[in-house]
Amino acid sequence: MTKSTARQQELSFAIIGGGMAGILSAIKLRDAGYTQFRIYEKADRLGGTWRDNRYPGIACDVPSHSYCYDFEPNPEWSHTCAPGGEILEYFEKVAEKHGVTEKVVFGAEVSRLAFADGRWHLECQDGRKDVVDFVVAATGVLHHPRYPDIPGLDAFAGPCFHTARWDHSVPLEGKRLGIIGTGSTAIQVVGAITDKVGLLTQFQRTAQWIMPRPNPAYTEEEKAEFRRNPDAMRRIRDEQLDIFEHGFSSAVVGENPEALRAIEALTLANLEDNVKDPVLREKLRPDYQAACKRLIMSDNYYEAIQRPNAELVTDTIDRIEPSGVRTASGRLHELDVLVLATGFKVDQFLRPIEVIGYQGVTLEQAWIERPSAYLSVCVPGFPNLVMLNGPNGPVGNFSLIDVADIQLEYFLQLVACVREGEFRQFSATPEAAERFEAERVEATSKTVWVSGCRSWYLDDRGVPAAWPWSMQRFRDVLGSPDLNDFAVA
Ligand code: N01
């Protein structure tokens, strides 16, 4: 940890959100010598997405030795891809170990952030207030459940819940369970519960390419070796990150056609080799390029959906009735429990917090067309505020922890300029943001995300909202801020 100077101790920060990125922010701020910070967390527990998503089968399909902080390798991961509960426990333990928990204001839902007199004035739903120099927005992206707009949804007589709000009080044994959706979440749920329920009916609007993903448990010997020799974990992490960066993430942005062909071949072989019934196989065969939507990783989905008590329904949902789901053919699929694996509203970011920047301009106004951020981190007119995993950052099948880390280091360099007295405020210029956005939109045309599928990666124009270049470029560009792109005061 850097020794704090008086100036460092003067500067204050509000971190909004106590998930992976919020905890990371607190640790990094303290390591950089800053002591005046708090995490405002609306819930009563840390953990973000891993706290909210507790559905059966939840795991991180990013291997665990790379889905963890680089400074806190974890020898105890039970599997290559650890279950969600373990990940939640990991974040809570790291927060405790680094003295983060004591810096959290729990049950504090920030409702307003207003920039006035050079500082951010924060207000919580319950009236609590704070005034700080900087805001770190660590509010997550897959946070607000998206409920489907299907007629009759409220009429269903049995328990009905979104996967991010799983009701564990509802018994599933022997029940007729319906699940809407075929995203990463639904695939994990189906893989985990089909052998427990009486009947599983999955409503598929779009078929998915699925990458086989064996998920072996680590042996006690392996864990003992990790404890003795943390370098062994680091080597695994480096290997995994190398595979993702130079294989997958370069493939999806059009920089590695060979890797994309390998993904196509693997997912196709997975379907051909593992689904026996030709009718079901055709239902499961996507009509778009692999990796256009977020690639699904699974080692148990095909097996589950082929069980005798499982049915894949591809007929369009017409409406929901008290006793089940009626599809366009007129058939009523009678159900006891209905699960909505219908994803998230991905364009919210800091909202619904009312954020007021320079000259009374609100974030709603700045984002009237759609959310965007210069280099994924700064919004013009909203000084001294950084977005972690905000709009236009890298998304895909890799660790968002690294993304947040790079964004945070970038921000800390700007904060260091404030600490050194070079300026008090910084805000990306509208010109820089427009230039970045124009280049970004142009580059999206080379990505696999525009190859002809619907996905949450696309904005209202059908343009990918994500960083369309390699992770290496993200690291390079955010390696040091270009002060020419900032208005400072
Ligand atoms: O959500 P999704 P998710 N009628 O938006 C369908 C991360 N994640 O929760 O494809 C019928 O992907 C919709 O159909 P379609 C990961 O980044 C990570 O599964 O639009 N169907 C789709 O099938 C992931 O990408 C892990 O045609 C409707 C599904 O609902 C992200 O979370 C695990 C419908 C929504 O899929 C979101 O995944 C899980 C309607 N009206 C999730 N509305 C890891 O392991 C929607 N659908 C790291």
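Atoms within a ligand are numbered from 1 in the order they appear, just like the ligands themselves. Reckoned from all heavy atoms, side chains included, excluding hydrogens, waters and symmetry mates. Because the structure is predicted, anything quoted here is derived from the model rather than measured.
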Student: Check disulfide bond (SG atoms under 2.5 Å apart) between Cys160 and all other residues, then give those that pass, not counting sequence neighbours.
Tutor: none

Student: Could you name the option among Gly57, Gly181, Pro286, Pro148 that has the heavy atom nearest to atom 41 (N) of ligand 1?
Tutor: Pro148

Student: Tell me if the centroids of the rings in Tyr55 and His168 come within less than 6.0 Å of each other.
Tutor: no

Student: Going by distance only, is there an N or O of Arg205 that falls short of 3.5 Å from an N or O of ligand 1?
Tutor: yes

Student: Assess the pair Tyr90 and Trp77: is the distance between their ring centroids shorter than 6.0 Å?
Tutor: yes

Student: Verify the ring-centre separation between Phe349 and His143: is it less than 6.0 angstrom?
Tutor: no

Student: Which of the numbered atoms in ligand 1 are under 4.0 angstrom from any heavy atom belonging to Thr206?
Tutor: 10 (O), 15 (P), 27 (O)

Student: Under 4.0 Å from any heavy atom of Cys60, which atoms of ligand 1 are there?
Tutor: 45 (O), 48 (C)

Student: Which of these, Lys345, Arg454, Lys293, has its nearest heavy atom closest to atom 10 (O) of ligand 1?
Tutor: Lys293

Student: Can you find a heavy atom in the side chain of Met387 that is under 4.5 Å from one in the side chain of Gln407?
Tutor: no

Student: Between Tyr69 and His98, does the ring centroid distance fall short of 6.0 Å?
Tutor: no

Student: Please report whether ligand 1 has a polar contact with Ala59, defined as an N or O pair separated by less than 3.5 Å (distance criterion only).
Tutor: yes

Student: Is Cys60 close enough to Cys81 that their SG atoms are under 2.5 Å apart?
Tutor: no

Student: Could you list which atoms of ligand 1 come closer than 4.0 Å to a heavy atom of Tyr55?
Tutor: 33 (C), 39 (C)

Student: Looking at Asp61, which atoms of ligand 1 are within less than 4.0 Å of one of its heavy atoms?
Tutor: 44 (C), 45 (O), 48 (C)

Student: Run down the list Asn53, Thr163, Thr182 and name the one with the heavy atom closest to atom 22 (C) of ligand 1.
Tutor: Thr182

Student: Consider every N or O of Ala341 and every N or O of ligand 1, then say whether any pair is closer than 3.5 Å.
Tutor: yes

Student: Run down the list Thr185, Leu295, Leu153 and name the one with the heavy atom closest to atom 42 (C) of ligand 1.
Tutor: Thr185

Student: Is a salt bridge present between Glu220 and Lys223, judged by a nitrogen-to-oxygen distance below 4.0 Å?
Tutor: yes

Student: Would you check the N or O atoms of Arg294, main chain and side chain alike, for any that come under 3.5 Å of an N or O of ligand 1?
Tutor: yes

Student: May I ask you to check if ligand 1 and Gln208 share an N or O to N or O distance below 3.5 Å?
Tutor: no

